[in-house]
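First the structure, in the form of C-alpha cells, and then the observations on it.
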Amino acid sequence: MKIIDGKKVSIEVLDEIKSSVDNRVKNNLKIPHLAAILVGNDGPSKTYVNSKIKACERVGFKSSLFKYSDSISENDLIDEIQKINNNDDIDGFIVQLPLPKDINQEKILSQVDPYKDVDGFHPINYGKMALGIDTFLPATPAGIIELIERSKIQTAGKKCLVIGRSQIVGRPISILLSQNKIFGNATVTVAHSRTSNLEELCLESDLIISAIGKPEFIKGDMVKKGSTIIDVGITRVDDSSSHKGYRIAGDVDFNSVSSRVGFITPVPGGVGPMTIAMLLKNTLKACSLSD
Ligand code: NAP
C-alpha cells in the first residue's frame with residue numbers, strides 16, 4: 001500500500017507557483033492577487049479562508065479578505081462582488097461557501113466575473129469544464145486529478161466509483177474522469193444517498209473517490225484488493241483527547257482500508273492541501289491571461 005501524500009504534492013505545486021511568481025517579478029509582470037469574500041462567522045469557513053491567505057503569502061501573491069456580516073442583503077453582496085469584478089488589481093476571487101441560508105448561492109456565484117472565477121463555479125466555467133474546454137477547474141476535483149497524475153495512477157479503462165454528487169466535488173470529478181483526456185477515460189459510476197447497492201459497487205471498483213462527509217463510512221471489507229482510494233471527506237468528530245476537542249476524520253476507515261488497497265489518501269494531508277494549491281494555480285492562470 002502506498003500513501004498518496006497530498007501535503008508533499010501540494011508543496012511541489014506551491015513551489016512551482018512560487019517560481020512562476022519570481023519569474024513574473026523579474027520580468028516586471030503583475031504579481032497575482034487573490035481575494036476572498038467571507039460572509040458571517042462560520043468557524044471552519046474562517047479557517048479555510050485564513051489558510052488560503054497564508055498560502056498566498058507563501059507563493060508571493062497579494063491577497064485581500066473582504067468580510068461581511070451574515071445580515072448583509074443579497075443585493076448588497078452583489079454590489080460588493082461587482083466592485084471586485086471591476087477592481088483591475090484583483091485577478092481572481094472566491095466567495096467562501098456556505099453562504100448564510102437567506103442568500104441564494106447560485107445567484108451570487110453567477111455574479112462573479114468568469115475571468116476572475118478561480119473557484120470555477122460560474123455556470124460559464126462549469127459548462128466549459130463539462131465540455132472539456134480549457135477553463136478554471138473547480139479546485140478540489142483539479143487537486144484530485146493532480147494527485148492521480150503525479151502518483152502515476154492509471155485511470156483509462158478502470159472502473160471508477162464517485163460517491164457523492166455535489167456541485168463542488170462529486171459531479172465535476174465524475175465528469176473529468178470520464179472525459180477523453182490523459183487523466184480520464186475511466187468508466188465512471190456516480191453513487192449518492194439513494195444508491196441501493198453501494199457495497200457491491202465499491203467492491204468492483206478500481207478507483208473510489210468518496211465525497212460524502214460521513215466519518216469512516218467506508219470499511220476494509222467494502223473495497224477491492226489493490227484498488228485506489230481517494231478520501232475527500234472532512235468531518236470534525238468530537239475527541240476529548242485532542243486539545244481542540246475534536247479531530248478531523250475522512251469518509252474512509254483508514255485502519256481497515258489501507259491494508260487492502262494499492263493507493264490511499266490520508267485525512268488530513270490528502271486532498272485537503274491540494275485544494276488550496278489548485279486555487280492558487282487558477283489564480284496564476286487568471287493573472288497570466290491578462291498579461
Ligand atoms: P455535500 O454537498 O455535503 O453532499 C454529500 C453527497 O454525499 C450527496 O451527494 C449525498 O447524496 C451523498 N451521500 C450522503 N450520504 C451518503 C451515503 N450514505 N451513501 C452514498 N452517498 C451519500 O458534499 P460535498 O460538499 O461534496 O462534501 C463532501 C465531503 O467532502 C465533506 O466532508 C466536505 O467537508 C468534504 N470536502 C472536502 C474538500 C477538500 O478540500 N478536501 C473540499 C470540499 C468538500 P444526495 O445527493 O442523495 O444527498
Side-chain angles (χ1 to χ4, degrees), residues 3-10 13-14 36 42-52 54-55 94-99 101 105-106 109 118-121 126 129 136-148 160-177 188-203 205 208-219 222-223 229-238 246-254 264-282:
I3 292 179
I4 302 173
D5 187 342
K7 190 141 193 235
K8 186 165 158 240
V9 179
S10 73
V13 175
L14 291 175
D42 180 55
S45 292
K46 279 191 203 165
T47 309
Y48 292 141
V49 164
N50 287 335
S51 311
K52 289 166 189 173
K54 238 170 111 183
I94 59 144
V95 180
Q96 184 63 44
L97 302 176
L99 288 168
K101 61 178 179 350
Q105 188 170 298
E106 265 176 34
L109 294 179
V118 286
D119 253 343
F121 294 152
Y126 210 84
M129 182 266 303
F136 301 116
L137 296 181
T140 303
I144 295 170
I145 296 289
E146 196 83 22
L147 280 181
I148 289 174
C160 170
L161 177 66
V162 175
I163 317 178
R165 55 179 164 184
S166 71
Q167 305 287 20
I168 61 168
V169 189
R171 177 77 55 208
I173 191 65
S174 70
I175 293 170
L176 293 171
L177 284 169
V188 180
T189 302
V190 181
H192 43 77
S193 66
R194 308 287 287 273
T195 299
S196 57
N197 58 340
L198 188 65
E199 293 200 11
E200 197 184 306
L201 292 171
C202 285
L203 273 170
S205 296
I208 295 177
I209 296 177
S210 183
I212 60 176
K214 297 249 149 80
E216 284 136 23
F217 178 83
I218 295 175
K219 308 286 185 199
M222 291 168 69
V223 300
I229 311 293
I230 308 280
D231 187 354
V232 187
I234 298 179
T235 308
R236 284 185 180 190
V237 177
D238 291 342
Y246 67 86
R247 66 184 170 88
I248 298 296
D251 290 350
V252 175
D253 178 24
F254 190 87
I264 185 166
T265 58
V267 175
V271 176
M274 290 304 294
T275 298
I276 294 184
M278 300 318 285
L279 173 70
L280 299 197
K281 206 168 167 180
N282 278 347

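All ligand and atom numbering here is 1-based and tracks the order in the structure.
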For this session: Within a distance under 4.0 Å of any heavy atom of Ala211, pick out the atoms of ligand 1 and give their elements.
Result: 5 (C), 6 (C), 7 (O), 28 (C)

Problem set entry | Per-residue contact class, Ile234 against ligand 1 - non-hydrogen pairs under 4.0 Å | both

For this session: Would you give the length of the straight line joining atom CZ of Arg171 to atom OH of Tyr126, rounded to the nearest 0.5 angstrom?
Result: 7.0 Å

Exercise. Can you find a heavy atom in the side chain of Asp119 that is under 4.5 Å from one in the side chain of Leu97?
Worked result: no

Exercise. Which pair of heavy atoms, one from Pro172 and one from Ser166, lies closest together, and at what distance?
Worked result: CD-O, 3.5 Å

For this session: For Glu146, check salt bridge (charged side-chain N to carboxylate O under 4.0 Å, His left out) against everything at least two apart and list the hits.
Result: Arg150, Lys281

For this session: Please answer whether the main-chain N or O of Gly213 pairs with a side-chain N or O of Asp251 as donor and acceptor at a distance below 3.5 Å.
Result: yes

For this session: Could I get the full list of side-chain contact (heavy atoms from CB on, under 4.5 Å) partners for Ser174, not counting sequence neighbours?
Result: Val162, Val188, Val190

Problem set entry | Of the listed options Met274, Arg171, Arg194, Lys214, closest to atom 14 (C) of ligand 1 (non-hydrogen atoms) | Lys214

Problem set entry | Numbered atoms of ligand 1 (with element) below 4.0 Å of Gly272, judged on heavy atoms | 40 (O), 41 (N)

Exercise. In the protein, what heavy atom is nearest to atom 46 (O) of ligand 1, and what distance, to one decimal place, separates them?
Worked result: Arg165 NE, 2.7 Å

For this session: Considering the heavy atoms of Phe217, write down every atom of ligand 1 situated less than 4.0 Å from one of them.
Result: 18 (N)

Exercise. Looking only at heavy atoms, is any part of Ile168 under 4.0 Å from ligand 1, and if so is it the side chain, the backbone, or both, or is it neither?
Worked result: side chain

For this session: Go through Tyr48 and Asp42 one step at a time and tell me if the side chain to side chain contact (heavy atoms under 4.5 Å, CB included) criterion holds.
Result: CA-CA 10 Å; Tyr48 292 141; Asp42 180 55; over 6 Å; no

For this session: Check whether any side-chain heavy atom of Val232 sits under 4.5 Å from a side-chain heavy atom of Ile212, and report yes or no.
Result: no

Problem set entry | Protein heavy-atom partner closest to atom 29 (C) of ligand 1 - residue, atom, separation in Å | Gly213 N, 3.6 Å

Problem set entry | Protein heavy-atom partner closest to atom 1 (P) of ligand 1 - residue, atom, separation in Å | Ser166 CB, 4.0 Å

For this session: Give the residue and atom name of whichever protein heavy atom lies nearest to atom 45 (P) of ligand 1, and the separation in Å to one decimal.
Result: Ser193 OG, 3.4 Å

Problem set entry | Spatial distance of atom CE (Met278) from atom CD1 (Ile276) [nearest 0.5 Å] | 12.5 Å

Exercise. Counting from 1, what ligand 1 atoms have a heavy atom of Thr275 closer than 4.0 Å?
Worked result: 39 (C), 40 (O)

Exercise. Tell me, do Ile163 and Cys202 make a side-chain contact under 4.5 Å, heavy atoms counted?
Worked result: yes

For this session: Tell me which part of Ile163 gets within contact of ligand 1: side chain, backbone, both or neither, using heavy atoms under 4.0 Å.
Result: side chain

Exercise. Do any N or O atoms from the side chain of Thr265 and from the backbone of Ile4 form a donor-acceptor pair under 3.5 angstrom?
Worked result: no

Problem set entry | ligand 1 versus Ile212: contacting region, heavy-atom distance under 4.0 Å | both

Exercise. Taking only heavy atoms of Thr140, which atoms of ligand 1 are found under 4.0 Å from at least one of them?
Worked result: 40 (O), 42 (C)

Problem set entry | Closest protein heavy atom to atom 20 (C) of ligand 1, given as residue, atom name and distance to 0.1 Å | His192 O, 3.2 Å

Problem set entry | Nearest protein heavy atom under 4.0 Å from atom 3 (O) of ligand 1, yes or no | no

Problem set entry | Distance-only N or O hit between ligand 1 and Tyr48, under 3.5 Å | no

Problem set entry | Heavy-atom nearest neighbour in the protein, as seen from atom 37 (C) of ligand 1, with distance rounded to 0.1 Å | Val232 O, 3.1 Å

Exercise. In ligand 1, which numbered atoms sit nearer than 4.0 Å to a non-hydrogen atom of Val169?
Worked result: 26 (O), 43 (C), 44 (C)

Problem set entry | Under-4.0 Å protein heavy-atom contact, atom 11 (O) of ligand 1 | yes

Exercise. If you round to the nearest 0.5 Å, how far is OG1 of Thr189 from CG of Leu177?
Worked result: 11.5 Å

